[in-house]
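Heads up, the thing below is written out as structure tokens.
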Amino acid sequence: TGRGSGNPGAQGRGGISTEIMGGQIEMARVNQVQIDEAIANFQYEGILVEERPYGNGHINDTFLLTFEIAEMGRIKVILQRMNKEVFTNPVELMENVIGVTSYLRKKIIENGGDPDRETLNVIPAVDGKPYFIDYKGEYWRSYKFVTDASSYDQVEKPEDFYQSAYAFGNFQRLLADYPADSLHETIKGFHDTKARFETFKRAVEADVCGRAKYVQDEIQFVLDHEDVANVFGELLAKGEIPLRVTHNDTKLNNVMIDNLTGKGICVIDLDTVMPGLAMHDFGDSIRFGASTAAEDEQDLSKVSCDMDLFDTYVKGYLEGCGGKLTNKEVELLPMGAKVMTFECGMRFLTDYLEGDHYFKIHRENHNLDRCRTQFTLVKDMEKKWDTMREIVKKYQK
Ligand code: ADP
Ligand code: GN1
Ligand code: MG
């Protein structure tokens, strides 16, 4: 395996350095020695002909590698440095990924599908482990590239949104009988909105960057919505809603859409597959995909929750789930959208207050811009609440 064309962009998309941002704990950028070491330590064949940063995820550092194999042509793979500030136990995380992907693989084969394109496939390290630890103690993993498919950062065609809805619903359906007890909790309290509310209040209190004074309106917005943070915790405690094996990070760009057939073929980004709520999976998709603008749009007059896209997603998600959701869960889908949008906005604001150490940022105030779109969406959902409930009712059996 040789290194091909040098890639000056391969310093990680984190981009902005600690000095510029004044942040304190930002993860160090990936360096070329680490990348080369990782490439040399996975079971790859052929000559490396291209290496470049890839995708728009906020968490991991993703690279696309292209290898040339005699007679077979070009083969692409995904190489990722896992974010160890976010995922503190990468070994357990990869145990989850192996468990879930081998389970899905079996199901896909049973259903006559293509297991190389319809689920992630881990490429083992040279020592046979599903990860590699580099000289800096950072964890890497590699996946087969899902060929002839695309992931989108915004809905271009409503049909794609329907397809993503179906894929995420179907993902949960396929995992309905997965032994949930065997899954590690990769991020403690990931969608415990109440706990995140408390974390937020501590961040305001600590105000380590002295930024609270700039965001008094946003802080007040969170404080005024404490009830939204508590809804699902209370229902869970009362036993009114079930825990299921869910994806927990159902952004549109975490599903691959087949370029030829237009079908949502593969759910990716499996780092947060854990027991969770169907309403969370539904809601996270809505806050990202049903928005009329990008997650970081600065012109808030462009941001609203599109009711046609909401309708499309409800239809696709319920079909994908195969009628498995309880009436209560279906009824709570609009609340899922509101809770997840509120939670995400609150997380962006927390990260802004704490100095942008969690989500990758690419410009000053990036997390604040993201927070503002989310709160704009929450307000818009509050205005459209009756419509959202009616749409859901329409599809309720
Ligand atoms: P993050 O946790 O940072 O969001 P992801 O695992 O979602 O990282 O990867 C980032 C992006 O890389 C995805 O949105 C997708 O575009 C692309 N990607 C990841 N894995 C694959 C894969 N196996 N095949 C094709 N593209 C992929
Ligand atoms: C992160 O990894 P990515 O970019 O798909 C985050 C989600 C947020 C999202 C906001 C592990 O998703 O929870 O909703 O950013 N993932 C993690 O865009 O924190
Ligand atoms: Mg992702």
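In each ligand, atom 1 is the first atom listed, and ligand 1 is the first ligand listed.
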Inset, instruction - Would you please classify the geometry between the Y131 ring and the Y139 ring as parallel, tilted or perpendicular, with 30° and 60° separating the classes? - result: tilted
Inset, instruction - Could you list which atoms of ligand 1 come closer than 4.0 Å to a heavy atom of I268? - result: 13 (C), 15 (C), 18 (N), 19 (C)
Legend entry - Side chain, backbone, both or neither: T62 near ligand 1, heavy atoms under 4.0 Å: side chain
Inset, instruction - Could you check Q80 against Y143 for side chain to side chain donor-acceptor pair (under 3.5 Å), going step by step and ending with a plain yes or no? - result: CA-CA 8 Å; Q80 281 181 327; Y143 292 122; 5.0 Å; no
Inset, instruction - Give the C-alpha distance, both sets of side-chain angles, the deciding distance and a yes or no for side chain to side chain donor-acceptor pair (under 3.5 Å) between E51 and Q32. - result: CA-CA 11 Å; E51 168 216 308; Q32 193 60 48; 3.3 Å; yes
Legend entry - Shortest heavy-atom approach to atom 23 (N) of ligand 1 - which of M82, R117, K144: K144
Legend entry - Between H280 and F232, ring centroids under 6.0 Å: yes
Legend entry - Polar proximity ligand 1 side, G55 side, N/O cut 3.5 Å exclusive: no
Legend entry - Nitrogen or oxygen atoms of Y358 and ligand 2 under 3.5 Å apart: yes
Legend entry - Parallel, tilted or perpendicular: rings of Y313 and F161 (30°, 60°): tilted
Inset, instruction - Check whether any side-chain heavy atom of L175 sits under 4.5 Å from a side-chain heavy atom of H247, and report yes or no. - result: no
Inset, instruction - Please confirm whether N253 comes within less than 3.5 Å of ligand 1 when only nitrogen or oxygen atoms on both sides are compared. - result: yes
Legend entry - Side chain proximity check, F221 to V378, heavy atoms < 4.5 angstrom: yes
Inset, instruction - Provide, to 0.1 Å, the distance between atom 18 (O) of ligand 2 and the closest protein heavy atom, together with that atom's residue and name. - result: E295 OE2, 2.6 Å
Legend entry - Residue pair T292, S304: steps toward the side chain to side chain donor-acceptor pair (under 3.5 Å) verdict: CA-CA 5 Å; T292 50; S304 65; 3.2 Å; yes
Inset, instruction - Verify side chain to side chain contact (heavy atoms under 4.5 Å, CB included) between F145 and I75, making sure each step is shown before the conclusion. - result: CA-CA 8 Å; F145 186 79; I75 304 272; over 6 Å; no
Inset, instruction - Show which atoms of ligand 2 fall inside a sub-4.0 Å distance from at least one heavy-atom site of F87. - result: 11 (C)
Inset, instruction - Give a yes/no on ligand 2: does R370 have at least one heavy atom closer than 4.0 angstrom to it? - result: no
Inset, instruction - For atom 1 (C) of ligand 2, find the nearest protein heavy atom and state the residue, atom name and distance (0.1 Å precision). - result: I59 CG1, 3.8 Å
Inset, instruction - Check ligand 1 against N254 and write out every atom of the ligand that is under 4.0 Å from a heavy-atom position of the residue. - result: 7 (O)
Inset, instruction - Please determine if K251 has a nitrogen or oxygen closer than 3.5 Å to a nitrogen or oxygen of ligand 2. - result: yes
Legend entry - Proximity to ligand 1 by part of D249, non-hydrogen separation under 4.0 Å: neither
Inset, instruction - Using a cut-off of 6.0 Å, state whether more than 12 heavy atoms not belonging to Q216 lie near its atom CD. - result: yes
Legend entry - Check: K338 and V228 side chains under 4.5 Å, non-hydrogen atoms: yes
Inset, instruction - Using a 4.0 Å heavy-atom threshold (strictly under), name the region of D269 that reaches ligand 2: side chain, backbone, both or neither. - result: side chain
Legend entry - Proximity of F288 to ligand 2 by residue part, where a heavy atom lies under 4.0 Å: neither
Legend entry - I187 and T272, any side-chain heavy atoms less than 4.5 Å apart: yes
Legend entry - Residues, nucleotides or ligands: over 12 heavy atoms within 6.0 Å of Y395 OH: yes
Inset, instruction - Check each of N121, D269, L270 against atom 4 (O) of ligand 1 and report the one with the nearest heavy atom. - result: D269
Inset, instruction - Look only at interatomic distance and state if I59 has a nitrogen or oxygen under 3.5 Å from any nitrogen or oxygen of ligand 1. - result: yes
Inset, instruction - For F145, take its heavy atoms, then give the atoms of ligand 1 lying under 4.0 Å from any of them. - result: 24 (N), 25 (C), 26 (N)
Inset, instruction - Describe, in one word, how the ring planes of Y317 and F282 are oriented to each other, choosing from parallel (under 30°), tilted (30 to 60°) and perpendicular (over 60°). - result: tilted
Inset, instruction - Any atoms of ligand 1 less than 4.0 Å from a non-hydrogen atom of L120? List them with their elements. - result: 23 (N)
Legend entry - Contact check: D249 vs ligand 2, nitrogen or oxygen atoms, below 3.5 angstrom: yes
Inset, instruction - Before signing off on this row, confirm whether H58 and ligand 2 have an N or O atom pair separated by under 3.5 Å. - result: yes
Legend entry - Within reach of ligand 2, part of R287 (heavy-atom separation under 4.0 Å): side chain
Inset, instruction - Just to the nearest 10 degrees, tell me the angle at the Mg ion (ligand 3) spanned by D269 OD2 and N254 OD1. - result: 90°
Inset, instruction - Using a strict 4.0 Å cut-off to heavy atoms of Q80, name the atoms of ligand 1 that fall inside it. - result: 5 (P), 6 (O), 8 (O), 9 (O)
Inset, instruction - Between S142, P53, S151, flag the one that comes closest to atom 16 (O) of ligand 1 by a heavy atom. - result: S151
Legend entry - Heavy-atom side-chain proximity of L332 to L235 below 4.5 angstrom: yes
Inset, instruction - Under 4.0 Å, heavy atoms only, figure out whether ligand 2 is touched by the backbone of N254, its side chain, both or neither. - result: side chain
Inset, instruction - Would you check whether R347 reaches within less than 4.0 Å of ligand 2, judged by its heavy atoms? - result: yes
Inset, instruction - Any atoms of ligand 2 less than 4.0 Å from a non-hydrogen atom of C344? List them with their elements. - result: 10 (C), 14 (O)
Legend entry - Minimal non-hydrogen separation, R29 against R81, with atom names: C-NH1, 4.3 Å
Legend entry - Over-ring placement of R211 relative to Y352, 6.0 Å and 45° cut-offs: yes
Legend entry - G57 neighbourhood, listing ligand 2 atoms whose heavy-atom distance to it stays under 4.0 Å: 4 (O)
